Amino acid sequence: MPNGDASSPATSTKADASEILDTRMQTEARLKIAFQILSWATFGLGVIVAIMVIGASIISIRVADDGGKTFSTTVERIFTSLLPVVATWVGTVLAFYFTKESFQAASDSAKANFKEGSSTVTAAVAELGDRRLAAQPVSQCMRSYDDIAKIVKPVAELSKLNLVNDIEPLFKDKVTRLPLFDAQKVIKYMIHKSVLAFFFDHVQTVQQKTSAPGAAQVAGVSLTRENATLQDFLTYNDGKYGKVVETSFAFVAKDKTLADAVAAMRKVEKEAGIACQDVFVTATGEKSEPVLGWLSDRRIQNFAQFG
């Protein structure tokens with residue numbers, strides 16, 4: 001059985017402005033560095049070529065008598081050798097300073113495209129889910145009453161159930177939610193395994209902090225994990241557990257759709273101020289009527305996604 005940090009606008013605006021300013025400063029710094037590199041590279045290349053040309057001319061004049069052919073050949077070889085070296089150096093340095101910016105620009109562009117596409121897909125999926133929910137009758141999607149793992153007893157007997165012996169053992173084989181019905185099939189409580197476990201932990205913590213063994217006092221009785229009843233569970237901690245298991249579910253009529261079921265869940269959450277994860281189907285949607293079926297939030301999600 002399936003059971004189942006955002007920043008403020010002002011802070012976001014300040015962060016965006018700071019990021020834009022940092023980006024602009026980094027860009028200006030890179031442009032300045034690039035200009036200096038190109039300037040010094042040009043100047044250095046000119047100086048080197050000048051020195052080499054002067055040296056080559058002196059050598060050619062002293063040792064050669066071929067009408068300047070040796071001088072021309074020497075200058076050409078020097079220029080041919082130096083130009084690739086200097087060009088490679090300048091290109092490497094520029095790439096070092098500008099690769100990060102180019103990558104960042106591409107990354108930002110990809111992120112923007114992804115966000116835009118993601119938003120479009122999310123909206124499309126949500127719209128498709130809404131259409132599916134509106135087209136699915138609860139009577140065809142619910143888990144029927146007979147198929148529900150449950151406890152059915154008169155209300156007076158329900159309150160006497162021992163949590164460890166009568167209720168906890170039923171949480172098995174993927175059962176994580178246990179509805180409790182009265183003899184007329186009216187839902188009285190919905191106990192989630194996680195809530196029951198939290199209750200047991202709380203009781204044990206209280207026991208450890210008291211001087212007498214097993215000493216958490218409820219209505220004058222020493223409460224332990226082993227002797228706790230459903231009534232103890234409902235009234236424990238000023239009835240906070242009781243509020244959860246008695247009011248955290250909604251009702252919908254058998255002729256309604258899953259969209260109506262979702263609306264009913266949201267209404268409970270708004271009015272009761274607690275999470276609602278279950279909807280029970282009755283003839284007209286009244287809580288006093290016998291239950292015909294049950295819809296968990298996970299079951300509804302599956303129908304919204306897969307139909």
Side-chain angles (χ1 to χ4, degrees), residues 1-4 138 141-208 214 216 218 221-252 261-262 264-265 268-269 272-282 287 290-303:
M1 178 190 301
N3 287 338
V138 295
C141 304
M142 68 184 187
R143 184 184 298 275
S144 67
Y145 176 84
D146 292 335
D147 293 334
I148 300 174
K150 58 188 178 292
I151 293 179
V152 183
K153 288 181 178 295
V155 176
E157 295 185 23
L158 286 176
S159 62
K160 298 177 182 178
L161 292 174
N162 180 275
L163 297 181
V164 172
N165 298 328
D166 301 323
I167 294 180
E168 189 178 34
L170 298 180
F171 289 112
K172 60 182 180 179
D173 299 330
K174 298 183 180 180
V175 174
T176 59
R177 307 180 190 186
L178 185 66
L180 276 60
F181 298 90
D182 67 12
Q184 287 73 43
K185 300 183 180 180
V186 175
I187 179 68
K188 307 304 292 185
Y189 314 107
M190 170 60 86
I191 300 180
H192 287 235
K193 183 178 181 180
S194 57
V195 176
L196 185 62
F198 189 80
F199 168 77
F200 285 147
D201 289 341
H202 196 185
V203 169
Q204 290 180 334
T205 299
V206 173
Q207 290 176 8
Q208 294 171 359
V218 175
V221 179
S222 180
L223 179 66
T224 66
R225 184 181 188 279
E226 290 71 25
N227 68 16
T229 65
L230 178 63
Q231 184 62 33
D232 296 327
F233 177 73
L234 296 176
T235 58
Y236 190 78
N237 198 15
D238 296 327
K240 292 182 179 179
Y241 290 96
K243 180 182 179 181
V244 172
V245 300
E246 290 180 288
T247 63
S248 63
F249 43 85
F251 296 88
V252 68
V262 172
M265 293 171 69
V268 169
E269 291 181 340
I274 57 178
C276 178
Q277 299 177 331
D278 306 281
V279 181
F280 289 97
V281 181
T282 63
K287 63 181 181 180
V291 168
L292 303 176
W294 165 45
L295 290 161
S296 68
D297 56 341
R298 294 182 182 178
R299 194 177 185 88
I300 295 175
Q301 289 172 4
N302 287 336
F303 279 102

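This one's a predicted model, so the numbers in the text were calculated from it and none came from an experiment.
Considering all non-hydrogen atoms of both residues, L178 and L170 come closest at CD2-CD1, 3.8 Å. Heavy-atom minimum distance, A261 versus V252: N-CG2, 4.2 Å. Listed here is the closest heavy atom pair of M265 and D297: CE-CB, 3.9 Å. Looking at every heavy atom in both residues, K287 comes nearest to V186 through O-CG1, 3.4 Å. When every heavy atom of V244 is checked against every heavy atom of I274, the shortest pair comes out as CA-CD1, 4.3 Å. When all heavy atoms are compared, the tightest approach of V164 to P169 is O-CD, 3.1 Å.
Between the CD1 atom in I300 and the CZ atom in F303 there is a gap of 9.5 Å [rounded to 0.5 Å]. The OG1 atom of T229 sits 13.0 Å away from atom OH of Y236, with the distance rounded to the nearest 0.5 Å. Rounding to the nearest 0.5 angstrom, the gap separating the CD atom in E168 from the CZ atom in R225 is 4.5 Å. Remark: L234 CG to S159 OG distance equals 8.0 Å, nearest 0.5 Å. With rounding to the nearest 0.5 Å, the separation of CD1 in I151 from CD in E157 is 11.5 Å. The distance from atom CD1 of I187 to atom CG of D182, rounded to the nearest 0.5 Å, is 9.0 Å.
The shortest side-chain heavy-atom distance between W294 and K150 does not fall under the 4.5 Å cut-off. Put simply, the side chain of P179 reaches to within 4.5 Å of the side chain of M190, judged on heavy atoms.
Of the possible donor and acceptor atoms, one in the side chain of D166 sits under 3.5 Å from a partner among the backbone N and O of N162. Judged by distance alone, the side chain of R177 and the main-chain N or O of D278 form no donor-acceptor pair under 3.5 Å.
Using cut-offs of 30° and 60° for the angle between ring planes, the Y241 and F198 rings count as tilted.
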Stepwise, does the side-chain contact (heavy atoms from CB on, under 4.5 Å) test hold for L180 with V245?
CA-CA 10 Å; L180 276 60; V245 300; over 6 Å; no
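A side chain to side chain contact (heavy atoms under 4.5 Å, CB included) with F233 is found for one member of L230, T235, N237 and no other, namely L230.
Under the rule for a ring-ring contact (aromatic ring centres under 6.0 Å, His included), the partners of F251 that lie at least two apart in sequence or sit in another chain are F249.
Pairs of residues two or more places apart, or lying in two chains, that qualify as ring-ring contact (aromatic ring centres under 6.0 Å, His included) and include a residue from residues 144-166 are Y145-F181.
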